[in-house]
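When a ligand or atom number is given, it counts from 1 through the structure's own listing order. Residues take their numbers from the sequence shown, with the count starting at 1.
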Amino acid sequence: MLAIQNLSRSYPGGTHALDRIDLVVPEGQVLAVLRGSGCGKSTLLRVVAGLDRPSHGRVTIDGAFVDGPHPRIGIVFQEPRLLP
Ligand SMILES: Nc1ncnc2c1ncn2[C@@H]1O[C@H](COP(=O)(O)OP(=O)(O)O)[C@@H](O)[C@H]1O
Ligand SMILES: [Mg+2]
């Protein structure tokens with residue numbers, strides 16, 4: 001189970017990309033996050049994947065704190081990064 005608790009992420013310059021997100025995703029559930037460009041989707045995915053740190057709040061997987069890249073989390077980036 002993925003649990004996101006009171007998650008906020010601000011960037012230098014004052015953009016509050018995420019503001020107090022609470023979300024629980026049970027094992028086996030598929031979740032889609034939909035909204036317009038700039039609403040914070042990529043920021044949320046990076047923090048959940050352990051590739052970025054929250055300003056406040058926390059992310060846990062099966063109760064374990066996500067504080068870096070996690071063996072149970074893969075991420076497919078929006079643009080190819082490694083191959084020409
Ligand atoms: N590295 C960054 N530094 C400063 N601002 C950022 C950075 N990454 C994203 N932002 C800002 O945070 C907000 C959310 O961006 P993002 O998570 O990329 O949204 P989405 O993926 O929904 O388009 C936007 O206002 C964006 O400009
Ligand atoms: Mg994005």
Considering non-hydrogen atoms of the protein only, which is the closest contact for [atom], and what is the distance?
{"atom": "atom 6 (C) of ligand 1", "value": "Tyr11 CD1, 3.3 Å"}
{"atom": "atom 17 (O) of ligand 1", "value": "Thr43 OG1, 2.6 Å"}
{"atom": "atom 24 (C) of ligand 1", "value": "Gly38 O, 3.6 Å"}
{"atom": "atom 18 (O) of ligand 1", "value": "Ser42 CB, 3.8 Å"}
{"atom": "atom 19 (O) of ligand 1", "value": "Gly40 N, 3.2 Å"}

Does the distance from a Lys or Arg side-chain N to an Asp or Glu carboxylate O, for Asp62 and Arg72, drop under 4.0 Å? yes
N/O/S from Ser42 sitting under 2.8 Å away from the Mg ion (ligand 2): yes
Looking at atom 10 (N) of ligand 1, tell me if a protein heavy atom falls under 4.0 Å from it. yes
Mode of Thr15 contact toward ligand 1 - side chain, backbone, both, neither (heavy atoms, under 4.0 Å): side chain
Is any side-chain heavy atom of [X] closer than 4.5 Å to a side-chain heavy atom of [Y]?
{"X": "Val25", "Y": "Met1", "answer": "no"}
{"X": "Ser10", "Y": "Thr15", "answer": "no"}
{"X": "Leu45", "Y": "Val33", "answer": "no"}
{"X": "Ile73", "Y": "Ile61", "answer": "yes"}

Under 3.5 Å, N or O to N or O, is Cys39 touching ligand 1 that way? yes
Going by distance alone, is a donor N or O of one side chain under 3.5 Å from an acceptor N or O of the other, for Tyr11 and Ser55? no
Counting only heavy atoms from other residues, nucleotides and ligands, does the tally under 6.0 Å from CD of Gln78 exceed 12? no
Ligand 1 contact by Ser37, heavy-atom criterion under 4.0 angstrom: yes
